[in-house]
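Everything on this sheet refers to the single structure shown next.
Below, chains carry the letters A, B, ... as their sequence lines are ordered, and counting in each starts from 1. Atoms considered below: every heavy atom in the structure, side chains included; atoms not considered: hydrogens, waters and symmetry mates.
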Protein chains: 2
Amino acid sequence: MTAPTLRDVAERAGVSIRTVSNVVNGYAKVTEPMKVRVQAAIDDLGYRPNLMARNLKQGRSRIIALVVPALDVPYFAELVRLIIGEAQAHGYAVLIDQTDGDVERERELIMEAPQAVGFDGVIVSPLALTAADLESRRSPAPILLLGEKIFDSAADHVAIDNVTAAREATAHLIGLGRRRIAAIGVEQDPSDGTAVLRTRGYREAFAAAGLPVDESLMVPTPHYERRHGAAAMTALLDRADPPDAVFCFSDLLALGAMRVALSRGLRIPEDLALVGFDDIEDGRYSTPTLTTVAPDKQGLARSAVETIRTRIESGQDATPLEITTPHRLVLRESSLGGAGATA
Amino acid sequence: MTAPTLRDVAERAGVSIRTVSNVVNGYAKVTEPMKVRVQAAIDDLGYRPNLMARNLKQGRSRIIALVVPALDVPYFAELVRLIIGEAQAHGYAVLIDQTDGDVERERELIMEAPQAVGFDGVIVSPLALTAADLESRRSPAPILLLGEKIFDSAADHVAIDNVTAAREATAHLIGLGRRRIAAIGVEQDPSDGTAVLRTRGYREAFAAAGLPVDESLMVPTPHYERRHGAAAMTALLDRADPPDAVFCFSDLLALGAMRVALSRGLRIPEDLALVGFDDIEDGRYSTPTLTTVAPDKQGLARSAVETIRTRIESGQDATPLEITTPHRLVLRESSLGGAGATA
DNA sequence: TCTAACTATTGCATCGATGCAATTTGTCGC
DNA sequence: GCGACAAATTGCATCGATGCAATAGTTAGA
């Protein structure tokens with residue numbers, strides 16, 4: 001019942017273990033008849049190389065760890081899907097770890113797990129990692145930060161230009177004539193890189209238009225999920241002077257906000273224009289469909305995998321890479337109305 | 001730069017490798033001072049056991065493969081998240097493979113990968129696997145079917161009672177007084193177990209109510225995604241005699257259908273009541289919120305992991321287990337209207 | 001025919017850990 | 001003080017593969 005090994009194949013074919021290994025690995029100097037004979041034995045026994053043994057010997061696992069906050073957040077689900085695809089295409093498997101917002105767990109995964117499990121590299125969409133954490137890392141496995149930026153850290157980083165994207169989204173709303181433009185999900189803690197950058201973009205758009213920012217319309221949220229968007233929107237609509245537009249820092253926030261606004265009888269976008277961020281599929285099927293910032297997720301996945309592959313395979317610890325992938329603003333009904341939708 | 005091994009620790013502590021191993025594994029017969037001394041060396045060097053080596057020696061990897069069609073389908077994303085959580089809690093890591101609807105790839109993953117990579121077990125939400133495939137599997141790693149049933153196969157199977165669930169959903173619509181109740185996602189191919197079972201439940205509900213089934217209202221779809229729901233709904237609404245209710249075999253189908261219905265100006269549920277299946281989070285935040293069959297996903301995940309753990313750890317190849325986890329019908333606005341929503 | 005120069009094949013050590021059995025150390029009883 | 005016995009520690013083989021260097025086998029040239 002136990003799986004056949006090189007030895008079994010060698011015995012059956014009447015050759016040495018090493019020769020079988022050579023055949024398996026397509027080593028050049030094996031005569032044709034020998035190759036055929038060994039291959040026959042391999043097929044007979046249904047031999048498959050044992051990767052654990054191979055990896056132990058070669059010191060690598062061809063496994064990349066992917067650490068994300070939660071898999072059921074559509075943005076991550078979509079991204080993870082693409083990353084797995086990219087990795088598979090290059091012969092790597094992906095092991096996923098969820099932090100569930102648990103900072104301690106995140107740190108442990110990044111710091112300890114790689115050398116223990118033998119990950120060749122770690123792609124992490126960080127939650128609360130600090131530059132100091134990264135400094136004190138001993139593991140030789142390269143680490144790549146995806147999305148969230150960690151200021152002053154020396155790790156490779158792949159992301160879109162959050163400031164520009166947020167500025168464009170806000171500018172779009174300003175361009176529509178809105179003036180009371182709320183922002184949901186703004187910076188609460190300066191270590192939250194994404195919020196900081198998007199908040200900056202939001203402010204820049206007002207500055208560029210020569211308009212003042214109403215700080216009271218900037219609502220921070222604990223996370224970027226639907227219920228937080230719903231709660232924030234409720235608070236905004238309870239005001240005496242509610243906003244006429246909202247830029248939400250994630251599509252989920254926007255969908256939560258949309259639900260609240262609709263249930264209060266507001267018309268979107270007439271009474272309230274809405275822009276999200278991430279371009280998750282839900283936003284393409286909501287009613288109304290959601291205007292959003294669409295990161296090039298395929299590009300993010302490709303860059304992430306390619307960058308970490310390079311680090312793994314050529315291992316130079318050169319200067320950290322800072323890669324920016326493109327994004328675009330997708331205009332849909334939640335800001336334009338039934339009229340025009342670009343995608 | 002290279003990670004410290006047992007040997008390094010042993011050298012530093014001035015003891016044998018074996019003793020260090022004993023300390024690491026909490027072997028009972030190690031004196032306290034010895035334990036302290038070795039532990040100090042371990043901490044000094046930052047030693048972590050190399051799992052590849054350990055696994056090779058012990059013949060198991062503590063890795064479970066999870067094969068799903070696609071990660072960005074919310075139902076799978078939610079389920080995968082729970083499964084990873086359950087597995088982590090029991091010391092297993094999860095390696096995810098996506099089949100992307102590629103049947104060949106699915107077969108290969110199930111048949112070949114386990115013994116190659118050394119998976120201890122495989123949880124698969126099958127796409128097009130046949131009983132014959134499972135028969136001819138050589139790998140000793142246990143396999144567990146999640147959700148989709150493969151008739152006449154001898155593998156463990158964890159799922160909800162699809163027939164009953166579909167019957168209840170349909171009965172709910174009948175109970176609301178609807179009579180032209182369409183079904184989107186019905187059986188097209190008898191090998192598609194899920195569709196077969198849900199279709200059966202749909203028919204049973206009509207039979208139980210003494211009503212005839214209008215076959216022309218039963219629409220098959222290639223998959224269970226939003227766009228298929230949208231397409232099916234479009235076709236239904238283009239009829240001279242459109243339905244007054246629709247039971248969609250997935251929430252995504254329902255959301256796609258909802259989008260189409262709303263954009264045509266129909267009122268939900270007044271003109272068209274809608275019931276989905278899966279209870280994905282989107283349905284709780286759509287407008288209107290979606291009535292749906294809610295499988296106990298946490299229960300599914302727990303049963304799946306526990307069942308395969310048992311197989312892995314006690315390895316008896318007893319009779320295959322058939323585990324049914326609970327479900328309930330969650331009533332929301334898409335069938336009840338603004339009035340009552342149970343959850 | 002004999003040696004040089006390859007080439008195909010093989011044997012041995014090794015990756016880092018654990019299983020098992022042997023060995024050393026320590027404790028007691030008499 | 002010595003043998004017996006249990007407890008703590010250690011050595012060796014091993015998991016299944018690959019790296020490296022040696023060996024056997026072939027061909028060619030003189």
Distance in angstrom units between [X] [atom1] and [N] [atom2], rounded:
X       : N      : atom1 : atom2 : value
A:Met52 : C:dA17 : CE    : P     : 15 Å
B:Ile17 : D:dT10 : CD1   : C1'   : 10 Å
A:Leu6  : C:dG11 : CG    : P     : 14 Å
A:Leu56 : D:dT14 : CG    : P     : 17 Å
B:Arg54 : D:dG16 : CZ    : C1'   : 18 Å
A:Arg7  : C:dT10 : CZ    : P     : 15 Å
B:Asn50 : C:dT14 : CG    : C1'   : 14 Å
A:Gln58 : C:dG16 : CD    : P     : 13 Å

Look at the side chain of [X] and decide which nucleotide, out of [options], has an atom nearest to it.
X       : options                : answer
B:Ser16 : C:dC15, D:dT10, C:dA17 : D:dT10
A:Met34 : C:dA17, C:dT9, D:dT18  : C:dT9
A:Asn22 : C:dA17, C:dT10, D:dT10 : C:dT10
B:Val15 : D:dC15, D:dT10, C:dA17 : D:dT10
B:Lys57 : D:dT10, D:dC15, D:dT18 : D:dC15

Open item on the list: I'd like to know if the side chain of A:Asp8 reaches the main chain of A:Thr5, judged simply by a donor and an acceptor atom lying under 3.5 Å from each other, with no hydrogens or angles considered.
Closed with: yes

OP1 or OP2 of [N] under 4.0 Å from side-chain N/O of [X]:
X       : N      : answer
B:Thr31 : D:dA8  : no
B:Thr19 : D:dT10 : yes
A:Thr5  : D:dG16 : no

Open item on the list: Using the rule given for side chain to side chain contact (heavy atoms under 4.5 Å, CB included), can you reason through A:Leu146 versus A:Leu79, listing the C-alpha separation, both sets of side-chain angles and the distance that settles it, and then say yes or no?
Closed with: CA-CA 10 Å; A:Leu146 185 58; A:Leu79 200 53; 3.8 Å; yes

Task: CG-OG distance between B:Leu51 and A:Ser61, expressed to the nearest 0.5 angstrom - done: 10.5 Å

- [ ] Hey, could you give me the OG1/NZ distance between A:Thr19 and A:Lys35, rounded to the nearest 0.5 Å?
- [x] 12.5 Å

TODO: Could you tell me whether A:Asn25 contacts a base, only the sugar-phosphate backbone, or nothing, with contacts defined as non-hydrogen atoms closer than 4.0 Å?
DONE: sugar-phosphate

TODO: Record whether the side chain of A:Arg18 comes under 3.5 Å of the base of D:dG19 through a donor-acceptor pair of N or O atoms.
DONE: yes

Open item on the list: On DNA chain D, compare the nucleotides closest to B:Gly14 and A:Ser21; which residue's is nearer the 5' end?
Closed with: B:Gly14

Open item on the list: Can a side-chain donor-acceptor contact be found between A:Asn50 and A:Arg54 if the only test is distance below 3.5 angstrom?
Closed with: no

